[in-house]
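What follows is a short report on a single structure.
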Amino acid sequence: MANADNYTSRSNKFEDDPFSYLIVRPENGGIRELLRFSVWGDDKASGFTFLETSDTNHDVVQEDRRWRWVIMVSILVRKILALLAKPMEWTGYSFDFLLNLLSHNGNLPGLLYNLIHAKVVIPHRDSDTFISAIGHLDGRIELLYNTLGFSDSSSWKGSTQLEMGSRALMDLCIMASKLAYENAHVVRNVVLHHWKMHFVDFYNCWNDFQKEKSTQVFILSDKPRDANFILISFRGTEPFDADDWSTDFDYSWYEIPKLGKVHMGFLEALGLGNRSDAATFKNHLRVNDTEFTSSNSASPSEGGTGSFFSEDSDSDTQEGGWDQSSDSQGPSGSATRKKQKQKQVPPEMVEMTAYYTVRSNLKSLLKEHKNAKFIVTGHSLGGALAILFPAVLLLHEEEEVMERLLGVYTFGQPRVGNMQLGTFMEAHLNNPVPKYFRVVYCNDLVPRLPYDDRTFLYKHFGVCLYYDSGYTEQKVDEEPNRNFFGIRYLIPEYLNAVWELIRSLTMGYTHGPEYKEGWFSILLRIVGLALPGISAHSPTDYVNSVRLGQEYIVQMSF
């Protein structure tokens with residue numbers, strides 16, 4: 001068990017380090033230590049068991065008793081999730097198989113018929129017909145422009161359709177965010193054959209928080225040649241993945257000079273450090289020492305590094321700028337900066353981690369498509385990664401890349417950092433027009449995490465497009481009930497869950513067959529009668545909000 005002396009020793013290691021951090025470690029103590037810390041305020045005997053920080057004065061621990069309760073709730077939730085991790089994994093595995101078994105055989109009646117006639121169709125994972133639980137919640141795959149009468153991607157040509165805030169672009173982002181939950185074969189099939197766009201690649205990347213390849217992201221462009229836009233979509237929180245939910249409830253942060261305090265779990269998901277050795281974050285997040293190189297990154301058109309579909313290939317493509325010659329002008333516009341000490345990133349790092357893999361392939365795509373801009377999107381955890389990706393690009397002074405950013409759309413995104421991070425990002429993403437839109441549906445719990453009050457640090461930023469249960473849009477700074485657990489919101493939350501269940505049974509009649517909800521979605525609505533914040537996180541309501549938003553102003557001309 002850690003004690004105060006060990007705690008101070010760890011802190012002294014970073015006395016000269018301008019970076020600071022706080023790591024919450026629920027695995028380092030039991031309920032007795034947790035009670036001593038949160039109820040009795042016994043810091044020396046218990047607080048240092050759960051908390052590791054570079055702050056030798058321990059002000060962060062002693063500042064406010066209410067802060068202790070927030071940490072206690074986080075630790076309890078993460079302990080429960082740790083206990084349920086394997087059961088949740090097995091349940092998810094079995095549930096996905098059952099959902100696909102039913103869908104492959106025409107639901108329950110068809111399955112019974114096929115059983116009798118020995119014709120049961122067995123679903124195969126990683127095939128282009130095996131759909132995730134998220135895909136079964138909302139089976140829609142066609143884009144909005146198809147429902148408006150367009151049969152191919154020609155409606156995307158020209159700059160008008162590419163404006164941030166356009167209805168079709170917003171719809172593409174939520175549909176791509178939802179599609180990111182599927183396996184690589186499903187993603188490729190939908191992009192090529194339903195959306196009639198160009199599938200670039202699917203990447204299965206290393207997550208240092210979960211210690212496995214669990215950060216998924218795919219890239220598409222509207223055309224294989226002379227593309228107008230490139231879209232990057234990060235996968236969100238898996239419903240039955242305890243580690244994903246634990247990341248959302250984690251309060252650990254790492255403070256980056258210039259950028260601010262950033263959620264440590266999200267940084268690890270991008271492959272930018274490891275909490276087992278906090279110094280690794282500094283190595284990845286230096287401001288002036290970020291000219292990373294690798295000889296293992298292939299052009300996306302040839303199959304990028306870490307690609308699911310591509311074979312190994314050699315390339316001279318290098319990170320750190322458009323041209324790696326000694327006299328080139330890099331993204332910072334300074335040849336002198338090129339001569340600074342460079343940090344070599346091992347090829348396996350580029351291959352395994354999301355940030356380096358996506359950055360490498362994005363640069364190659366932007367070189368190939370001279371007029372293209374890029375969009376980043378994601379739902380839930382994917383939304384957090386979507387906004388942190390350009391944040392780190394800015395930190396690494398990738399000006400030429402960021403000049404090509406069209407915008408960022410996130411859906412049901414948790415908080416990613418403190419007010420300083422928000423100020424830094426808004427200064428870069430609000431001129432000349434806003435480029436970051438954070439979409440929140442009604443009582444969704446996840447955007448209210450991690451906790452935020454006057455004593456805690458996590459803050460949202462950017463333009464919030466808030467949709468109530470009637471799909472009425474409001475442009476606000478912060479969603480109502482920002483911490484979800486307010487007493488005065490309790491009764492309205494449950495009444496609203498009842499309304500959402502009733503609405504789900506009638507949507508097919510009131511809005512058309514494409515809005516009809518299946519039995520699995522209705523089952524989640526029933527669960528929402530007890531846990532309204534969980535059911536409101538479903539992508540179904542986000543798709544409906546984008547398509548049915550009553551106050552939405554369409555900025556396109558067809």
Side-chain angles (χ1 to χ4, degrees), residues 18-19 164 217 219 229-232 234 253-264 266-273 281-292 319-322 329-334 337-338 340 342-343 345 353-367 372-378 382-410 413 415-438 458-463:
F19 292 72
M164 286 298 289
V217 56
I219 303 178
F229 69 85
I230 298 157
L231 184 140
I232 302 165
F234 288 92
W253 49 259
Y254 194 82
E255 185 170 14
I256 307 167
K258 181 178 178 181
L259 208 63
K261 294 177 180 176
V262 182
H263 190 289
M264 187 174 286
F266 300 150
L267 289 174
E268 289 173 311
L270 282 174
L272 294 170
F281 291 99
K282 180 179 180 179
N283 294 336
H284 289 283
L285 297 168
R286 296 178 188 272
V287 178
N288 293 323
D289 186 17
T290 58
E291 301 304 327
F292 302 107
E319 292 275 6
W322 303 114
Q329 297 293 316
S332 63
S334 172
R337 189 180 302 281
K338 290 294 183 181
Q340 293 178 349
Q342 295 190 356
K343 183 173 183 62
V345 175
T353 60
Y355 173 74
Y356 296 114
T357 297
V358 173
R359 187 180 74 169
S360 172
N361 287 281
L362 175 61
K363 284 185 174 184
S364 296
L365 284 164
L366 292 176
K367 286 180 65 176
K373 291 182 177 291
F374 73 98
I375 310 151
V376 194
T377 191
L385 304 185
I387 188 56
L388 281 182
F389 177 70
V392 180
L393 288 178
L394 286 168
L395 181 71
H396 287 171
E397 299 179 345
E398 297 281 4
E399 282 93 348
E400 287 195 20
V401 176
M402 288 301 296
E403 285 175 0
R404 307 278 290 276
L405 174 68
L406 177 62
V408 180
Y409 267 115
T410 69
Q413 169 215 310
R415 299 181 177 101
V416 297
N418 67 351
M419 187 176 295
Q420 182 183 348
L421 174 65
T423 301
F424 175 85
M425 293 300 291
E426 287 179 342
H428 289 86
L429 297 182
N430 279 354
N431 293 312
V433 295
K435 293 183 178 180
Y436 170 42
F437 291 89
R438 183 175 59 84
Y458 286 97
K459 303 290 181 183
H460 274 309
F461 57 91
V463 179

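Both backbone and side-chain heavy atoms feed into the values below; hydrogens, waters and symmetry mates do not.
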### Message
Determine whether K261 and L421 satisfy the following criterion, side-chain contact (heavy atoms from CB on, under 4.5 Å), listing intermediate values before the conclusion.
### Response
CA-CA 7 Å; K261 294 177 180 176; L421 174 65; over 6 Å; no
### Message
Please determine whether side-chain contact (heavy atoms from CB on, under 4.5 Å) holds for the pair L270 and T353, giving the CA-CA distance in whole Å, both sets of side-chain angles, and the decisive distance to 0.1 Å.
### Response
CA-CA 6 Å; L270 282 174; T353 60; over 6 Å; no
### Task
In sequence, state the C-alpha distance, the side-chain angles, and the governing distance for K367 and K363, and then conclude on side-chain contact (heavy atoms from CB on, under 4.5 Å).
CA-CA 6 Å; K367 286 180 65 176; K363 284 185 174 184; 5.6 Å; no
### Message
Under the criterion side-chain contact (heavy atoms from CB on, under 4.5 Å), I'd like the reasoning laid out for Y436 against E426: C-alpha separation, chi angles, the key distance, then a yes or no.
### Response
CA-CA 8 Å; Y436 170 42; E426 287 179 342; over 6 Å; no
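M264 places none of its side-chain heavy atoms less than 4.5 Å from the side chain of W253.
Annotation: the span from L395 atom CG to L272 atom CG amounts to 9.5 Å, rounded to 0.5 Å. To the nearest 0.5 angstrom, I230 atom CD1 is 10.5 Å from N361 atom CG. The line from CD of Q413 to CG of L385 is 9.5 Å long, rounded to the nearest 0.5 Å. The CG atom of L231 sits 9.0 Å away from atom CD1 of I219, with the distance rounded to the nearest 0.5 Å. In this structure, E403 CD and L366 CG are separated by 11.0 Å, a value rounded to the nearest 0.5 Å. Expressed to the nearest 0.5 Å, how far CD1 of I232 lies from CD1 of I375 amounts to 9.5 Å.
Taking the six-membered ring where tryptophan is involved, the planes of F389 and F234 are tilted, since the angle between them lies from 30° to 60°. The aromatic rings of F266 and H263 lie parallel to each other, their planes meeting at an angle below 30°, with 60° marking the opposite boundary.
Heavy atoms of other residues, nucleotides or ligands lying less than 6.0 angstrom from CE of M419 number 12 at most.
Formation of a donor-acceptor pair under 3.5 Å by the R404 side chain with backbone atoms of F374 is not found in this model. T377 contributes a side-chain N or O that, together with a main-chain N or O of Y409, makes up a donor-acceptor pair within less than 3.5 Å. Formation of a donor-acceptor pair under 3.5 Å by the E255 side chain with backbone atoms of G260 is not found in this model. With N418 contributing its side chain and Y458 its backbone, the two residues share no donor-acceptor pair below 3.5 Å.
Closest heavy-atom contact between A386 and G378: CB-N, 4.1 Å. Here the shortest heavy-atom pairing between L405 and K435 reads O-NZ, 3.4 Å. Of all heavy-atom pairs spanning L406 and K373, the tightest one is CB-CB, 3.8 Å. Listed here is the closest heavy atom pair of V463 and P434: CG2-CB, 4.1 Å. Pairing each heavy atom of F461 with each of R438, the nearest pair is O-NE, 3.8 Å. In terms of heavy-atom proximity, G383 sits nearest to T410 at O-CG2, 3.3 Å.
Close placement of the Y356 and H284 rings is indicated, their centers lying within 6.0 Å of each other. Aromatic pair Y355/H396: centroids less than 6.0 angstrom apart.
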